[in-house]
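Below is one structure; the comments refer to it alone.
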Amino acid sequence: MGISEIFFILFMVLILFGADKLPEIARGLGKAARQVREATDEIKNEIQRGVNEVSPHNDIVQETQKEIEKLKDDLTIDKSAD
């Protein structure tokens with residue numbers, strides 16, 4: 001977006017809403033932007049908490065899978081010895 005386009009948009013907003021409404025509109029946009037940022041941060045934190053809660057379970061799953069692979073190897077060796 002070029003500078004002339006930005007000025008055109010600002011000019012149109014000024015004409016549509018008037019100079020007395022601009023501070024009110026700016027405050028509303030600022031509040032909306034802050035709420036979006038806070039919601040985004042909250043979602044990121046929730047995802048991170050979920051990942052942290054799942055991580056210990058992943059270790060248990062990995063250890064269990066290693067034990068299963070060891071048992072498979074032992075069974076394979078036992079069968080081939082017969």
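In this chain, numbering begins with 1 at the start of the sequence shown. We use all heavy atoms of the structure for the numbers below, so side chains are in, but hydrogens, waters and symmetry mates are not. Everything quoted here is computed from the prediction, not taken from an experiment.
The same ILVMFWY cluster, assembled from side-chain heavy atoms under 4.5 Å apart, contains both L29 and V13. If you chain together hydrophobic residues whose side chains sit under 4.5 Å apart, M12 and F7 never meet in one group.
Ion pairing of E69 with K66 is absent here, as no side-chain N (NZ or NE/NH1/NH2) approaches a carboxylate O to less than 4.0 Å.
Annotation: the span from L14 atom CG to I9 atom CD1 amounts to 13.5 Å, rounded to 0.5 Å. Residue Q65 holds its CD atom at 9.5 Å from NZ of K72, rounded to the nearest 0.5 Å. We find the CG-CD1 distance between L16 and I25 to be 9.0 Å, quoted to the nearest 0.5 Å.
Applying the side chain to side chain contact (heavy atoms under 4.5 Å, CB included) test between I43 and each of N45, I47, T40 identifies I47 as the sole match.
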Test salt bridge (charged side-chain N to carboxylate O under 4.0 Å, His left out) on E24 and R27; report intermediate values, then the result. CA-CA 5 Å; E24 188 177 324; R27 266 192 299 277; 5.5 Å; no
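Applying the 6.0 Å contact sphere to CD of E42 captures no more than 12 heavy atoms from other residues, nucleotides or ligands.
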